[in-house]
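Just so it is clear: chains get the letters A, B, ... in the order the sequence lines come, proteins before strands, and each one is counted from 1.
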There are 2 protein chains.
Amino acid sequence: MAKSSVSKLVPKVPPLPSVPGMSRRQQFSASTKKTLVDVAERLFTEHGYASTSLDAIVAGAEVTKGALYHHFSGKQALYEVVFEKVEAATAQSIDAAMRETKDPWEQARAGLRTFLQAVQQPTYRRIVVQEGPAVLGYQRYREQEERSTFTVVEDIVAAVLRAGDRTVDDEMVATFARLFFGAMSAAGESVTEASNPEDAAERIELAVTYLLTGVQTLAKQGVRVEDMR
Amino acid sequence: MAKSSVSKLVPKVPPLPSVPGMSRRQQFSASTKKTLVDVAERLFTEHGYASTSLDAIVAGAEVTKGALYHHFSGKQALYEVVFEKVEAATAQSIDAAMRETKDPWEQARAGLRTFLQAVQQPTYRRIVVQEGPAVLGYQRYREQEERSTFTVVEDIVAAVLRAGDRTVDDEMVATFARLFFGAMSAAGESVTEASNPEDAAERIELAVTYLLTGVQTLAKQGVRVEDMR
DNA sequence: TATTGGACATACCGTCGGTATGGCCAATAC
DNA sequence: GTATTGGCCATACCGACGGTATGTCCAATA
């Protein structure tokens, strides 16, 4: 095709808002890396890990495998970066929701509600809940979790538990947190697959509230976890 | 190597205890199919789905890919058969444990305890909990679950809930069951990865007992799930 | 201006899931 | 007993994909 005006086609790519303290070269590099992560996040979410080829990712990012393997050591490493990004975003959103109120009980409800919402997001469901353990292996999965979302849930659970029973130790708190975390993860799937997601979400909240109310009631009666032995 | 006695090497393979109503040919066929499933179960458990090649499976079963593809439509189909086998065995063991007592509350405890044990078995953990959703896709995973283990858990939860609150509907029961199922699945991982599995298992039982006791207490006070709205 | 090294592109390899084809032999018909 | 058929499986091969080796270009620095 014959182009009339000779040059100046390249500059139409936005001039990359010059970040201070970063050379043009570094900016380009960071840009392609970010693009790769974003495209990968989208494709992994849509088609899953196994069904997403590196060729598809680099095509989407308009680069080649050379670029990908320059920035990441392989497919799994790329997945891991995407995973961390998704987890961090989720943990942050929960954190933000909790900051909106000061009452501990309300904070807990807000946090759990936000977690329940997050766990319904296609990206979080697919990348973290559904495929995370299988792709990363359970060990790495746990390590990642423990540095973000799970810790937030653990804090919530700790606050609720210790409000009624000050004698529970850290390990017991972690145990309850595991149970709740697992329960909420499963709940997310349940809600999303339901014919009426709104109703399903409400039922989940009802059930969780019922369980937590039970815990509160026991605490008021002076029944401690240790008494269950 | 020089073998002195000439023939009769083949018959050393056990004569395949002739099953009545099945021709020799059919018996051989069933045998190779079962062998394939067993070998696949072992390798999938040890190395995971992606890292287990069909070549390794057929080598372990001492057949070729021709045999495998004669009995199964592909790798995933083979996995599915293994999955169902593992699930069925687990559901059955829980069922058996519950039959040992008649008291509903004791049945529930026994059932949940057995489930907690099952979820620690390497085979169940790897094939069902960790990789099941990713390999089968969450849809098929749910469908399979609903036909075996989940249903058992659901029955347990239903019995416990309805003992105190007769007004809960089926959907609410299913919701509680989802939460408990997810909680126990996560608990299994937690227990297995713990430095001291016995202690971890005990903590899980304590926590679950505490939650269930809370539910019972609410029920005794006439507090129903519906009252949480 | 010369040089260096980071940021890619290109070509290629090995593995693996899946397919196409053919052979063997027990079961059935005659 | 012989012929024929079809279930059961082996062998050879293909294409896709993850990963690697090598080369190129150009901005940054000396």
Side-chain angles (χ1 to χ4, degrees), chain A residues 10-11 13 15-16 18-37 39-40 43-44 47-82 131 134-137, chain B residues 10-11 13 15-16 18-37 39-40 43-44 47-82 131 134-137:
Chain A
V10 180
V13 180
L16 274 182
S18 60
V19 179
M22 219 178 183
S23 73
R24 269 174 46 86
R25 197 181 174 81
Q26 286 174 319
Q27 289 176 41
F28 274 114
S29 175
S31 170
T32 64
K33 183 169 183 176
K34 175 171 166 29
T35 304
L36 279 168
V37 172
V39 171
L43 295 182
F44 283 149
H47 312 116
Y49 181 78
S51 299
T52 299
S53 72
L54 293 185
D55 286 337
I57 294 175
V58 298
E62 293 178 290
V63 291
T64 64
K65 286 210 285 191
L68 194 154
Y69 274 89
H70 176 73
H71 288 288
F72 308 95
S73 63
K75 189 181 185 183
Q76 183 160 339
L78 173 58
Y79 187 88
E80 211 151 327
V81 172
V82 172
E131 302 203 320
V135 175
L136 300 183
Chain B
V10 179
V13 179
L16 274 182
S18 62
V19 180
M22 219 176 180
S23 75
R24 268 173 48 85
R25 198 182 175 83
Q26 286 174 320
Q27 288 176 43
F28 274 115
S29 175
S31 169
T32 63
K33 183 169 183 177
K34 173 172 168 27
T35 304
L36 279 170
V37 173
V39 172
L43 294 182
F44 283 150
H47 311 117
Y49 181 78
S51 298
T52 299
S53 70
L54 293 185
D55 286 337
I57 295 176
V58 298
E62 294 177 289
V63 291
T64 64
K65 287 209 287 191
L68 195 155
Y69 274 90
H70 176 74
H71 289 288
F72 308 95
S73 63
K75 189 182 185 182
Q76 183 159 339
L78 174 56
Y79 187 88
E80 212 151 326
V81 171
V82 172
E131 302 202 320
V135 175
L136 300 183

Atom-pair distance ([atom1] on [X]; [atom2] on [N]), nearest Å:
{"X": "A/Lys33", "N": "C/dC8", "atom1": "NZ", "atom2": "P", "value": "11 Å"}
{"X": "A/Phe72", "N": "D/dG18", "atom1": "CZ", "atom2": "P", "value": "15 Å"}
{"X": "A/Lys34", "N": "C/dA7", "atom1": "NZ", "atom2": "P", "value": "18 Å"}
{"X": "A/Leu54", "N": "D/dT20", "atom1": "CG", "atom2": "C1'", "value": "13 Å"}
{"X": "A/Leu78", "N": "D/dG19", "atom1": "CG", "atom2": "P", "value": "10 Å"}
{"X": "A/Gln76", "N": "D/dC17", "atom1": "CD", "atom2": "P", "value": "19 Å"}
{"X": "A/Tyr69", "N": "D/dT20", "atom1": "OH", "atom2": "P", "value": "6 Å"}
{"X": "A/Lys75", "N": "D/dA16", "atom1": "NZ", "atom2": "P", "value": "16 Å"}

Answer with base, sugar-phosphate or nothing: what part of the nucleic acid does [X] contact at a heavy-atom distance below 4.0 Å?
{"X": "A/Ser51", "result": "nothing"}
{"X": "B/Thr52", "result": "sugar-phosphate"}
{"X": "B/Thr64", "result": "base"}

On the nucleotide [N], are OP1 or OP2 found under 4.0 Å from the side-chain N or O atoms that [X] carries?
{"X": "A/Thr32", "N": "C/dC8", "result": "yes"}
{"X": "A/His71", "N": "C/dA7", "result": "no"}
{"X": "A/His70", "N": "C/dC8", "result": "no"}

- Message: Tell me if the side-chain of B/Lys65 makes a donor-acceptor pair with the base of C/dG18, cut-off 3.5 Å, by modelled atom types.
- Response: yes
- Nearest heavy-atom pair of A/Thr52 and A/Lys75: which atoms, and what distance? O-NZ, 2.9 Å
- Task: Quick one: closest heavy-atom pair of A/Ala40 and A/Leu78, and the distance?
- Result: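 Answer, listing the atom of A/Ala40 first, then A/Leu78: CB-CD2, 3.8 Å.
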- Message: Do B/Glu80 and B/Phe72 have side chains that approach each other closer than 4.5 Å (heavy atoms only, starting at C-beta)?
- Response: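 Not touching, per the 4.5 Å side-chain cut-off.
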- Do the side chains of A/Leu36 and A/Val81 get nearer than 4.5 Å, heavy atoms only? no
- Can you name the residues that form a side-chain contact (heavy atoms from CB on, under 4.5 Å) with A/Ala67, not counting sequence neighbours?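 Scan of A/Ala67 (side-chain contact (heavy atoms from CB on, under 4.5 Å), adjacent residues dropped) gives A/Val63.
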- If each of B/Glu62 and A/Gly66 is mapped to the nucleotide of DNA chain D with the nearest heavy atom, which maps nearer the 5' terminus, i.e. the 5' end? B/Glu62
- Message: Can you tell me which nucleotide in D/dA10, C/dC8, D/dC17 comes closest to the side chain of B/Val63?
- Response: D/dA10
- Item | Per A/Ala67 side chain, nearest of listed nucleotides C/dA9, D/dC9, C/dG17 |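 Shortest atom-to-atom distance from the side chain points to C/dA9.
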